[in-house]
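The first residue of the sequence shown is numbered 1, and numbering continues consecutively from there. The structure presented is a predicted model; accordingly, all values stated were derived computationally and were not measured.
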Amino acid sequence: MKLSKLVPLLIILFLTKSFIHAQKIGDHPRVFADKSDRQEILSKIESEVWAKASWNKLQEEITPYVTRHIKDPEWIVSRLAMYWKDGEHFTQCYIKKQNWDYGEGNAPLPTVRLPGMRTWNDYVNVPLEDRISYNESGDLLGVSRSSADKTPVLIPYKETGHMIRANNMEILKLAEKAAFAYYITQEEKYAKFSSDILWTWLLGTYYMQPPLDPQQSTKGPGGYEAGGIMGYYDYEVIHDDRQIPAAAAYDFLYNYLNANPHPHLKTLNKTATEFAGNVFKRFIEIDLIRGGKVGNWNVNRYKNILNSMLVLESNDFYEDGKGREYYIPFYTEEKASDHFAGLPVIMEFYNKTTGLWPESPGYASGMIPLVLEMGVKLYKSGVNTLAGNPIITKAALANLGWLDARGNLVVFGDMRGGPANISSFESLLTYATWEGDTETAEKMATVIRKNIASGQYDRNASDWQSIIFNQPLLGSGSDLPFHKAAYSPFHKHIIMKNGNDENNGLMFTLYGGKHKSHLTKNGLAMQFYGQGWAMAPDASAYESYWSKDAGYHRGIMGSNTIVPGYSSGDIVVNAMDPFVDTTSGLYNTSETSENVSFTDVSADEKRRLVAMVRTSKTTGYYVDFFRSDQLENDYIHHNLGNSMDLKNDVNKTLSLKNVNDLGTKYDKNYAFFKNQKKIKYADDFNATWTTTAVSPALITNMWMMGQNNRDLYVVDAPPTTLRSDITPGQVNKSPEITPTLIVRQNDINGKKHPFVAVFETYETSEKSIKNISKLKTSENFISLLVTSKNSKQYICNAIDDAFYKVDKNINFKGVFGIASEKNGEFEYLYLGKGKSLQKDDFKIAAVKEVISAELKYKNGKYYYSSDKPVLIQLKKGKLNEYPAGYNVEIK
């Protein structure tokens with residue numbers, strides 16, 4: 001092992017063996033705070049606005065329940081999901097086909113009900129007030145997430161999905177919050193409320209043995225045997241999480257529980273400490289012999305059991321010699337089995353160059369916050385797992401690269417989108433503050449302020465754990481630098497930005513897709529943004545991986561791409577500007593143009609170039625050249641909108657006819673497209689999506705160049721999202737449909753006759769583009785003219801090395817080029833990976849190798865940028881050679 005890895009490991013080993021002796025048996029609380037921390041936390045609540053607001057919010061939430069509990073102590077307890085029926089206090093459950101089959105045995109007390117099924121359903125629980133008390137059947141009242149009808153429906157126990165889990169977690173979290181309130185206030189009413197819930201759950205869990213799976217549908221036999229995916233009290237190790245609030249509540253209530261033991265403990269001849277330790281150790285033991293040692297399952301397993309580890313006493317307290325110092329090294333050391341791997345192995349899972357976790361953003365962005373949260377809790381116990389691990393900070397900051405201007409994660413792969421988890425930056429702020437690292441603390445404070453300013457994070461609504469750990473925000477300012485380009489080869493995902501404010505920033509993504517790692521085979525899929533929203537989104541409105549519509553949302557049909565054809569495999573970046581050197585990082589380090597960004601990617605028979613062109617500080621558009629070397633192609637474009645219409649190139653509405661189906665189906669998930677309308681149309685056309693859910697309305701206009709042998713279909717696609725915060729005015733949120741366009745080419749090669757489109761998003765009456773027209777086309781070359789209010793761009797794209805004369809004034813040789821005029825005068829020449837571009841008397845050309853270069857006129861001066869030596873000709877001048885450089889003034 002390298003010394004660089006060995007030193008931090010030795011530190012961890014030393015600390016792991018030594019910290020336990022600093023804590024006496026019965027020294028509680030200890031996980032989040034100890035007795036000596038209480039006054040400091042009280043002072044924080046008084047002095048910090050966010051802490052006081054968060055504390056008040058917590059009290060407002062729990063006080064009605066705590067007050068009711070004084071007079072009606074059965075009310076909250078009766079709403080726990082238990083096997084309440086006399087004679088059916090099951091002690092052993094059996095699993096069949098990964099769902100509950102039956103139970104047997106009869107404990108002296110009600111036992112905790114096992115979730116009725118592994119998979120999700122479409123329903124969420126009704127409010128606590130409306131739930132069935134002492135529910136003997138396990139049938140639950142639920143409200144549909146996807147239907148507009150919110151009338152409660154009685155769901156049979158075996159079909160309740162996550163409702164049992166959610167019910168008990170909600171009540172245990174109330175116990176957890178009340179236990180914290182007891183620690184802060186020392187008022188016994190909070191302890192009584194919390195302990196009554198906790199005793200019921202602990203005793204009901206104690207009498208339940210781990211489920212058995214005779215047919216091994218969960219890839220293991222269950223019980224206490226190793227193998228498979230089940231936890232102690234759930235179908236998956238990663239969902240064995242109700243122990244988290246239970247252990248936290250136990251830690252805060254420790255002295256109260258021992259002073260007020262449940263009467264049944266006399267029957268068991270156990271103290272509260274012995275009894276609780278028995279339950280928590282079952283969770284730990286079983287969770288360490290199930291699941292896998294890679295990916296998010298491994299990290300989530302440790303997240304679930306760490307509190308259970310930390311609340312245990314020392315080894316010598318237990319007959320089997322297994323206490324805190326025995327279990328904690330399973331996480332902190334480089335231990336591994338078929339089922340788990342410790343922190344050093346977890347850290348090796350991160351890409352050292354990019355700092356990214358090798359799964360989709362929804363999973364990846366959740367891993368480092370968990371590592372940091374666990375690190376803060378272990379630090380509190382004397383074990384510093386964050387020292388000597390610089391990849392942790394790098395990984396936290398790398399997740400910023402996946403955020404759009406609103407602070408939402410880009411959606412690709414298995415995920416929902418929504419705000420990034422800011423807790424990682426809070427944890428880093430806490431750790432840096434404890435360590436006296438002012439520089440890092442100020443950097444983390446800036447990230448937090450940025451997310452507060454953008455409305456994506458409300459520190460005034462922090463949870464109780466954050467009240468304890470979060471620190472004052474040092475420094476000033478909330479502006480974060482952003483990068484114009486980010487590219488992760490593993491994820492086959494490219495992001496390009498121009499500006500990073502939600503009103504005027506431009507952004508697009510291009511995604512290759514792959515199988516596994518919670519990434520999906522989406523082809524060369526594009527998304528673009530307007531007003532900070534993903535206006536051309538990747539659909540993600542499925543309830544679970546087992547939902548009937550999961551194949552649509554997770555697959556190629558829910559994306560903006562071409563079918564049939566490429567769905568996974570290697571991609572080739574033919575050109576990219578700004579360029580990302582993936583051998584050294586995730587982001588670009590230079591930029592050629594302040595106005596133009598593009599990327600050109602190939603995969604199998606498909607090739608797609610997407611460009612972003614800014615025309616002013618507040619306007620811009622996207623250009624899409626999509627080629628597919630097949631005779632039959634469907635170009636699919638989903639866009640946000642309450643409505644859409646099709647018009648010809650002179651703004652006359654096209655008349656579509658209703659059809660029964662879409663004819664050819666390249667994928668079984670075509671079945672999710674409804675209300676199909678069709679027209680045969682070969683000329684240029686415009687599609688317009690209008691979002692009236694916000695005011696002023698938000699509009700996306702798509703111009704597409706005409707081709708022969710085309711059918712246009714307008715269809716109702718499934719909803720875009722289940723979330724309420726990632727579309728403007730919640731447009732296209734379930735159960736709303738998403739208006740979608742399918743452009744079909746029949747018996748005409750999509751490489752020689754590509755799909756060419758220009759997109760612009762704008763508010764009502766703010767449309768900038770006045771006209772779009774094609775100039776010249778051939779099998780390998782396309783040129784367009786885009787005319788806006790104050791400027792016009794001559795756009796060229798070629799897939800060969802030929803020299804093209806667009807007209808008598810424009811010559812081009814390269815992959816991508818733009819000649820732009822502003823108010824009738826020269827503005828810039830942009831050449832993306834090419835040999836030459838000339839308009840009138842202005843020219844840029846490569847000296848030898850292809851270049852990415854720009855010549856621009858700004859404030860009465862000429863400037864150039866080029867990644868290699870470049871030849872430049874100015875108006876009425878000669879062709880002169882200049883060295884590589886960026887934003888260099890030509891004297």
More than 12 heavy atoms of other residues, nucleotides or ligands under 6.0 Å from [atom1] of [X]: yes or no?
X	atom1	answer
Lys352	NZ	yes
Asp629	CG	yes
Glu849	CD	no
Lys868	NZ	yes
Asp801	CG	no
Lys751	NZ	no

Is a donor from one side chain sitting under 3.5 angstrom from an acceptor on the other, for [X] and [Y]?
X	Y	value
Asn749	Gln630	no
Thr738	Thr720	yes
Glu854	Thr592	no
Thr618	Asn504	no
Glu359	Trp357	yes
Asn560	Gln527	no
Ser865	Asn887	no
Ser424	Ser427	no

Within 45° of the axis and under 6.0 Å from the centre of the six-membered ring of [Y], does NZ or CZ of [X] qualify?
X	Y	value
Lys606	Phe626	no
Lys443	Phe425	no
Arg608	Phe755	no

- Message: Would you call the rings of Phe528 and His637 parallel, tilted or perpendicular, taking 30° and 60° as the class edges?
- Response: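 Answer is parallel, since the angle falls under 30°.
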- Task: Please work out whether the ring planes of His518 and Tyr363 are parallel, tilted or perpendicular, with thresholds of 30° and 60°.
- Result: parallel
- Message: Could you go through Arg614 and Leu506, starting from their C-alpha distance and side-chain angles, then the distance that decides it, and tell me whether this counts as side-chain contact (heavy atoms from CB on, under 4.5 Å)?
- Response: CA-CA 8 Å; Arg614 181 169 287 285; Leu506 300 175; 3.5 Å; yes
Are [X] and [Y], when compared by the centres of their aromatic rings, separated by less than 6.0 Å?
X	Y	answer
Tyr552	Tyr542	no
Tyr487	His493	no
Tyr529	Phe508	no
Tyr804	Phe812	no
His491	Trp402	yes

- Query: Any donor and acceptor pair, going by atom type alone, linking the side chain of Asn639 with main-chain N or O of Met535 inside 3.5 Å?
  - Reply: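 Side chain of Asn639 to backbone of Met535, a donor-acceptor pair under 3.5 Å: yes, one is there.
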- Item | Flag, side chain of Asn389 to backbone of Ile391, donor-acceptor distance under 3.5 Å |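 No, the answer is negative, given that no donor and acceptor are paired below the 3.5 Å cut-off.
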- Which is it for Ser778 and Asn780 under the side-chain hydrogen bond (donor to acceptor under 3.5 Å, both in side chains) test, yes or no, and what are the steps along the way? CA-CA 5 Å; Ser778 67; Asn780 297 315; 5.9 Å; no
Shortest non-hydrogen separation from [X] to [Y] and the atoms involved:
X	Y	value
Leu400	Tyr587	C-OH, 4.4 Å
Asn399	Ile368	ND2-CG2, 3.6 Å
Asn408	Pro419	OD1-N, 3.0 Å

- Message: Using a strict threshold of under 4.0 Å (side-chain N to carboxylate O), is an ion pair present between Lys833 and Asp577?
- Response: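 Salt bridge flag = no for Lys833 with Asp577.
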- Item | Ionic contact status for Glu442 with Arg449, cut-off 4.0 Å |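 No, no charged N to carboxylate O under 4.0 Å.
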- Assess whether side-chain contact (heavy atoms from CB on, under 4.5 Å) is satisfied between Phe759 and Asn701, documenting all intermediate values. CA-CA 6 Å; Phe759 300 89; Asn701 185 82; over 6 Å; no
[Y] side chain reached by [X] side chain, heavy atoms, under 4.5 Å:
X	Y	value
Ile636	Thr561	no
Phe412	Pro361	yes
Leu609	Phe816	yes

- Message: Which residue is it: Ile769, Val623, Val613? I am looking for the one with a side chain to side chain contact (heavy atoms under 4.5 Å, CB included) to Val786.
- Response: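 For Val786, the side chain to side chain contact (heavy atoms under 4.5 Å, CB included) test succeeds with only one of Ile769, Val623, Val613, which is Ile769.
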- Worked check of side-chain hydrogen bond (donor to acceptor under 3.5 Å, both in side chains) between Asp667 and Asn669: CA-CA 5 Å; Asp667 188 292; Asn669 290 302; 3.1 Å; yes
- Item | Residue pair Met702, Trp689: steps toward the side-chain contact (heavy atoms from CB on, under 4.5 Å) verdict | CA-CA 9 Å; Met702 166 190 175; Trp689 288 262; 3.8 Å; yes
